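For reference, the structure is listed below as structure tokens.
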Number of protein chains: 2
Amino acid sequence: MHFEELIKSIKERREELQVTQETLAELSGVGLRTLKQFESGKGNPTLLTLSKLADVLGMEVGLQVKNLSRNE
Amino acid sequence: MHFEELIKSIKERREELQVTQETLAELSGVGLRTLKQFESGKGNPTLLTLSKLADVLGMEVGLQVKNLSRNE
DNA sequence: CTTCGAAGTGCATTATACGGCTCTTTTTTA
DNA sequence: TAAAAAAGAGCCGTATAATGCACTTCGAAG
């Protein structure tokens, strides 16, 4: 599972912006408990939760084709 | 919410590969009911569910900084 | 040592995602 | 046109994500 990368992205981005978990929780509307749990590597967040956090951090969730060779 | 885009990505990719919901469900280990629900726009899948589906379709979930050129 | 801010954890509750089964609707094929 | 395949939806039990509250841990500062 590469959840860890996603989680780390969030956490690193948050720290980069010097935002505390508490502030991010408030800004995103995600519960502090949820964020803590999430950042400490426990949990399987819903897309909604992830999006809320990403949004505040100026990021976005996306899906990419891994290989390529398919033009769209 | 831009869930719709993610959902559409999955659905389009699945159709592109000419895989039925049933087959994708089996291959990914996600319940057929869940996939149906998900593709029909209802639901808030967990990262795990999304990942399972994306994986089988040769895609991956990612987080990108929205703006650009800030950092890699 | 004490205090404070930030982060992490345990417990309990509520909300909801997951999934199987069945039925209906839509789309495709003959 | 009918039949089959695929997709969508209702019911409903189970698993777990989301959340609040209180406590602990850790580091920095006093």
Side-chain angles (χ1 to χ4, degrees), chain A residues 1-67 70-72, chain B residues 1-67 70-72:
Chain A
M1 216 69 49
H2 56 312
F3 281 22
E4 292 69 24
E5 303 159 34
L6 293 189
I7 293 175
K8 267 177 48 184
S9 296
I10 290 284
K11 187 166 185 170
E12 285 171 12
R13 178 75 176 160
R14 180 178 62 75
E15 289 170 344
E16 214 175 87
L17 299 176
Q18 300 191 48
V19 176
T20 63
Q21 289 179 336
E22 194 169 348
T23 302
L24 176 55
E26 285 169 8
L27 292 178
S28 64
V30 171
L32 178 58
R33 189 68 180 76
T34 303
L35 176 57
K36 286 175 181 299
Q37 207 163 293
F38 173 50
E39 275 197 10
S40 61
K42 288 147 199 142
N44 174 25
T46 62
L47 191 50
L48 182 57
T49 296
L50 190 57
S51 292
K52 282 181 185 171
L53 296 175
D55 198 48
V56 170
L57 295 173
M59 305 173 88
E60 60 182 356
V61 187
L63 271 175
Q64 301 86 35
V65 176
K66 258 189 277 187
N67 297 331
R70 276 275 179 182
N71 51 357
E72 175 80 39
Chain B
M1 216 71 46
H2 57 311
F3 280 23
E4 291 71 23
E5 303 160 34
L6 293 188
I7 294 175
K8 267 178 48 185
S9 295
I10 291 282
K11 186 166 186 170
E12 284 170 11
R13 177 74 175 161
R14 181 179 61 74
E15 289 171 345
E16 214 173 88
L17 299 175
Q18 299 192 46
V19 176
T20 63
Q21 290 179 336
E22 193 169 348
T23 303
L24 176 55
E26 284 168 8
L27 293 178
S28 63
V30 171
L32 179 57
R33 188 70 181 75
T34 302
L35 177 57
K36 285 176 181 302
Q37 209 164 295
F38 172 49
E39 276 198 7
S40 61
K42 290 149 197 142
N44 174 26
T46 62
L47 193 49
L48 182 58
T49 297
L50 190 58
S51 291
K52 281 181 183 171
L53 296 174
D55 198 47
V56 170
L57 296 173
M59 305 174 88
E60 60 182 358
V61 187
L63 269 177
Q64 301 85 36
V65 175
K66 257 189 279 187
N67 293 336
R70 181 173 286 273
N71 59 350
E72 202 285 322

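What's counted below: heavy atoms across the whole structure, side chains too, no hydrogens, waters or symmetry copies. Chain letters run A, B, ... following the sequence lines, proteins first and then strands; every chain starts at 1. Just so it is clear, the model here is predicted, and its values are computed rather than measured.
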ask   = When the distance from NZ of B:Lys52 to P of C:dA17 is rounded to whole Å, what number comes out?
value = 15 Å

query = Are the charged groups of B:Arg13 and B:Glu16 less than 4.0 angstrom apart, N to O?
reply = yes

For atom CZ of A:Phe3 and atom P of D:dT16, their distance in whole Å = 13 Å

inquiry  = OP1 or OP2 of D:dA5 versus the side-chain N and O atoms of B:Thr20: is any pair under 4.0 Å?
reply    = no

query = Rounded to the nearest Å, what distance is computed from the CG atom of residue B:Leu47 to the C1' atom of nucleotide D:dA18?
reply = 15 Å

task = Pick base, sugar-phosphate or nothing for B:Gly29, based on heavy-atom distances below 4.0 Å to the nucleic acid.
result = sugar-phosphate

query = Is A:Lys42 near enough to C:dG10 that one of its side-chain N or O atoms lies under 4.0 angstrom from OP1 or OP2?
reply = no

query = Just to confirm, is there a sub-4.0 Å distance from OP1 or OP2 of C:dC18 to any side-chain nitrogen or oxygen of B:Thr46?
reply = yes

request  = Measure from CG on B:Leu48 to P on C:dT16 and round the result to the nearest Å.
outcome  = 20 Å

inquiry  = Please give me the minimum heavy-atom distance between A:Asn44 and B:Leu48, naming the atom from each residue.
reply    = OD1-N, 2.9 Å

Given D:dA18, C:dC18, C:dT9, the nucleotide with the shortest approach to the side chain of B:Pro45 = C:dC18

note = Result for 5'-nearest mapping on DNA chain D, choosing between B:Asn44 and B:Glu15, is B:Glu15

query = Does a side-chain N or O from B:Thr34 land closer than 4.0 Å to OP1 or OP2 of C:dG19, or not?
reply = yes

inquiry  = Has B:Thr49 got a side-chain atom pairing as donor or acceptor with B:Pro45's backbone, closer than 3.5 angstrom?
reply    = no

ask   = Among C:dA7, C:dG19, C:dT9, which is the nearest nucleotide to the side chain of A:Arg14?
value = C:dA7

inquiry  = If you compare every side-chain N and O of B:Ser40 against the phosphate oxygens of D:dA7 (OP1, OP2), does one of them come in below 4.0 Å?
reply    = no

key: Donor-acceptor pair between B:Gln37 and B:Lys42 side chains, under 3.5 angstrom   = no

request  = Among D:dA7, D:dT19, C:dG19, find the nucleotide with the atom closest to the side chain of B:Gln21.
outcome  = D:dA7

query = Between A:Glu39 (CD) and C:dT9 (P), how many Å, whole number?
reply = 12 Å

task = Could you check how far CD1 of A:Ile10 sits from P of C:dA7, rounded to whole Å?
result = 14 Å

task = For B:Gln18 and C:dT27, give me the distance from atom CD to atom C1', rounded to whole Å.
result = 15 Å

inquiry  = Quick check on DNA chain C: between B:Leu50 and B:Lys36, whose nearest nucleotide comes earlier from the 5' end?
reply    = B:Leu50

message = Could you check whether A:Glu60 and B:Gln64, counting side-chain N and O atoms only, form a donor-acceptor pair closer than 3.5 Å?
response = no

ask   = CG of B:Leu32 versus C1' of D:dA7: gap in Å, rounded?
value = 9 Å

message = Counting distance alone, no hydrogens or angles: does the base of D:dG8 have a donor or acceptor under 3.5 Å from a partner atom on the side chain of B:Arg33?
response = no

